[in-house]
Each structure stands twice: as structure tokens, then as C-alpha cells.
Amino acid sequence: MREPRKLHLSFEPTFGNVDMVRAAVGGICSDFFQLGCSAASVLDFCLIVTELMNNAVEHTDAGVLDAEILLSDHEAVFRLISAGKGFDPTQTAIMPDVGQDELPEGGYGLALIQALADDMEYERQEDRNMVTLRKTFPVQAEKEETE
Amino acid sequence: MEIKLEMDNEVIILKLIGSLVASSAEGLKEQIAKLMEKKYRFILLDLGKVDFIDSSGLGACIAIKRDLTATNGILACAALNENVRKVFRMTRADQKILVFDARQEAVNALLERARASRP
């Protein structure tokens with residue numbers, strides 16, 4: 001059993017910084033879970049944390065976002081804390097309807113998170129939103145595939 | 001994200017290199033807008049070197065497709081990797097945007113449509 005690891009990042013809410021945090025998350029997860037960078041579960045996790053951060057960049061009033069990455073034996077947890085008006089992303093999000101003539105340009109982010117995250121929690125503390133995403137990493141299965 | 005431009009007759013090919021995400025999506029849309037001002041209507045996004053896409057990048061592709069369709073143009077995407085294809089599939093964007101496995105296949109299809117659209 002590996003020792004759990006925790007990393008805390010604070011960053012200004014810009015899309016450029018979202019890219020940097022994603023790169024950090026991807027590298028850390030690939031290393032901790034001993035998966036290649038192209039492993040599907042790492043990329044899924046990178047996508048959901050990216051979508052969560054993008055949402056915060058677009059909606060937050062704060063000058064800084066706080067992110068925590070917690071890694072344990074088979075699970076990665078990403079927690080994003082942002083100040084601003086309350087917004088509960090755990091409300092059911094439906095993937096935009098493809099039946100209409102044209103697909104909408106937006107509205108996919110939360111639906112992607114809900115489809116790919118194993119769990120999502122929301123908590124509001126005073127004026128801060130705290131969203132926690134969890135993803136299980138199939139370490140044993142990945143190892144078996146590469147053997 | 002880097003964008004390299006190439007041409008094959010009436011088809012403009014934009015080879016994207018890097019991540020198609022919120023920080024790069026507007027730049028792509030601006031590039032396409034400039035091409036459309038010059039009346040280019042058959043556009044291929046070569047995504048073979050795109051390692052990651054988020055919903056903003058996907059939204060850019062959808063917006064480009066919408067704008068081209070409005071001018072009787074066509075957008076195609078080619079060479080999506082597994083991760084990018086997954087996002088297209090989950091959002092069902094692959095049911096509305098032409099997607100090809102190989103770049104040349106996409107170029108040929110767009111050239112065919114360009115020829116068919118000539119008066």
C-alpha cells in the first residue's frame with residue numbers, strides 16, 4: 001500500500017493556468033498510478049478537472065482558485081475551492097440534444113463531468129464553493145494489460 | 001496550440017498541434033473567420049497531433065461547422081485520436097460533424113464536394 005499524497009495549488013482563474021494545472025494533474029497521476037500518460041483513466045480525470053476549472057474561471061468572482069489533489073491507492077480526488085455566488089454542479093446535466101438541426105456550442109462540460117467522474121460532491125461554506133471529484137484508477141487491470 | 005495552414009485546391013487544411021481547449025479555442029475560431037472572409041468554404045481540421053480536447057475546443061468545432069454551413073461550406077475533422085474521438089462520441093458531435101479516420105480521405109471527400117458545388 002502506498003502512502004497517500006496530497007498537493008495544494010493556488011492559481012489565478014485564467015484558462016492558461018487551467019492548462020498548467022491539468023498538465024500537473026496528468027503527470028502526477030501517471031506517475032503515482034504507474035500508468036502511461038495516454039492511459040484512458042488519466043485522460044478522463046484530466047478532462048473532468050479541466051471542465052470543472054473552466055467552469056470556475058468563467059463564473060468565479062475570486063482572484064484565486066484553490067485546488068487540492070489527493071492520491072491514494074486506487075483513487076484520485078480533485079477538490080476545487082472558489083469564492084463567488086453559489087453554483088451546484090451536481091444538479092443533473094443532460095448532454096445537449098443531437099436531434100435538433102444544429103448542436104449547441106456549449107453546455108457539455110457538466111454533462112461530461114457527470115458521465116466520467118465516479119463521484120462528485122458539492123458543498124458551500126460561507127461564500128465559497130467546494131466541489132470534489134473522485135475517480136477510481138484500475139491499477140491492477142492496467143498492469144495486467146501491459147504484461 | 002500551433003496551427004499550420006495548407007491548401008489542396010479549394011480545400012484549406014488546418015493542422016492543429018497541441019491541445020484544443022478553452023485557452024486555444026478562440027484563436028482557432030478567429031483563424032477560421034479570417035479564412036471565411038476570404039471565401040474559403042471547404043475546411044479540414046487535421047486533428048492528428050491534437051492530444052487533448054475539452055468542451056470549449058469541441059464547442060469551437062461546432063461553431064465553425066455552424067458558420068460554414070450557413071455559407072454552404074463544409075467542415076470536416078480527421079485523424080482524431082482515441083481520447084478526442086471519445087469526446088466527440090460522448091457529446092454526439094460525431095453525428096453532426098464529418099469525421100474521417102485519415103486526413104487524405106477527408107481531403108478527397110471535401111474536394112469531391114467542392115467540385116460538385118461549382119456552377
Side-chain angles (χ1 to χ4, degrees), chain A residues 11-27 29-30 35-59 89 93-117, chain B residues 1-2 16-30 32-33 47-77 80-99:
Chain A
F11 56 99
E12 289 176 16
T14 68
F15 292 126
N17 283 340
V18 169
D19 294 343
M20 292 183 66
V21 175
R22 177 180 61 254
V25 168
C29 287
S30 293
L35 300 174
C37 285
S38 60
S41 42
V42 174
L43 290 169
D44 286 350
F45 192 60
C46 285
L47 180 57
I48 63 176
V49 305
T50 296
E51 296 296 345
L52 187 65
M53 288 188 287
N54 282 349
N55 193 65
V57 168
E58 285 168 14
H59 298 290
I94 299 170
M95 207 66 81
D97 182 12
V98 76
Q100 51 198 339
D101 288 338
E102 289 293 342
L103 281 175
E105 192 175 336
Y108 301 96
L110 287 180
L112 285 168
I113 293 174
Q114 291 181 11
L116 293 172
Chain B
M1 183 182 69
E2 191 182 345
L16 310 186
I17 301 167
S19 298
L20 181 50
V21 290
S23 62
S24 55
E26 279 309 310
L28 174 62
K29 286 160 71 174
E30 285 166 10
I32 296 287
L47 303 182
K49 294 288 187 186
V50 170
D51 57 359
F52 186 88
I53 190 169
D54 67 7
S55 63
S56 298
L58 178 77
C61 295
I62 291 170
I64 291 163
K65 189 258 179 186
R66 177 197 63 218
D67 292 345
L68 275 171
T69 301
T71 62
N72 293 318
I74 299 177
L75 173 72
C77 297
L80 282 63
N81 73 14
E82 197 179 311
N83 176 49
V84 174
R85 191 175 283 275
K86 182 174 180 177
V87 173
F88 268 65
R89 190 176 61 247
M90 289 182 69
T91 58
R92 292 170 285 187
D94 58 351
Q95 295 182 30
K96 291 291 185 180
I97 296 175
L98 285 177
V99 174

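Letters A, B, ... are given to chains in the order of the sequence lines, protein chains preceding strands, and every chain is numbered from 1. No hydrogens, no waters, no symmetry mates; every other heavy atom, side chains included, goes into these values.
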Participant: Under a 4.5 Å cutoff for heavy-atom pairs, which residue among A:Cys46, A:Ala111, A:Gly106 has the most contacts with chain B?
Facilitator: A:Cys46
Participant: Which region of B:Ile53, side chain (C-beta onward) or backbone (N, CA, C, O), has a non-hydrogen atom less than 4.5 Å from a non-hydrogen atom of chain A, or is it both or neither?
Facilitator: backbone
Participant: Measure across B:Phe52 and A:Leu43 and return the closest heavy-atom pair with its distance rounded to 0.1 Å.
Facilitator: CE1-O, 4.1 Å
Participant: Taking C-beta and beyond as the side chain, do B:Ile62 and A:Tyr108 meet within less than 4.5 Å on heavy atoms?
Facilitator: yes
Participant: Do B:Val21 and A:Arg22 have side chains that get closer than 4.5 Å, going by heavy atoms?
Facilitator: yes
Participant: Ignoring hydrogens, what is the shortest heavy-atom contact between A:Gly16 and B:Ser23? Give both atom names and the distance.
Facilitator: N-CB, 4.2 Å
Participant: What residue in B:Ser55, B:Ala63, B:Ser56, B:Ser24 has the most heavy-atom pairs under 4.5 Å with chain A?
Facilitator: B:Ser55
Participant: With a 4.5 Å heavy-atom cut-off, do B:Ser19 and A:Asp19 have their side chains touching?
Facilitator: no
Participant: Anything in residues 48-59 of chain A with a heavy-atom distance to chain B below 4.5 Å? Please list those residues in order.
Facilitator: A:Thr50, A:Glu51, A:Asn54
Participant: For B:Thr69, which atoms come within 4.5 Å of any heavy atom of chain A: side chain, backbone, both, or neither?
Facilitator: side chain
Participant: To the nearest 0.5 Å, tell me how far B:Asp54 CG sits from A:Leu112 CG.
Facilitator: 9.0 Å
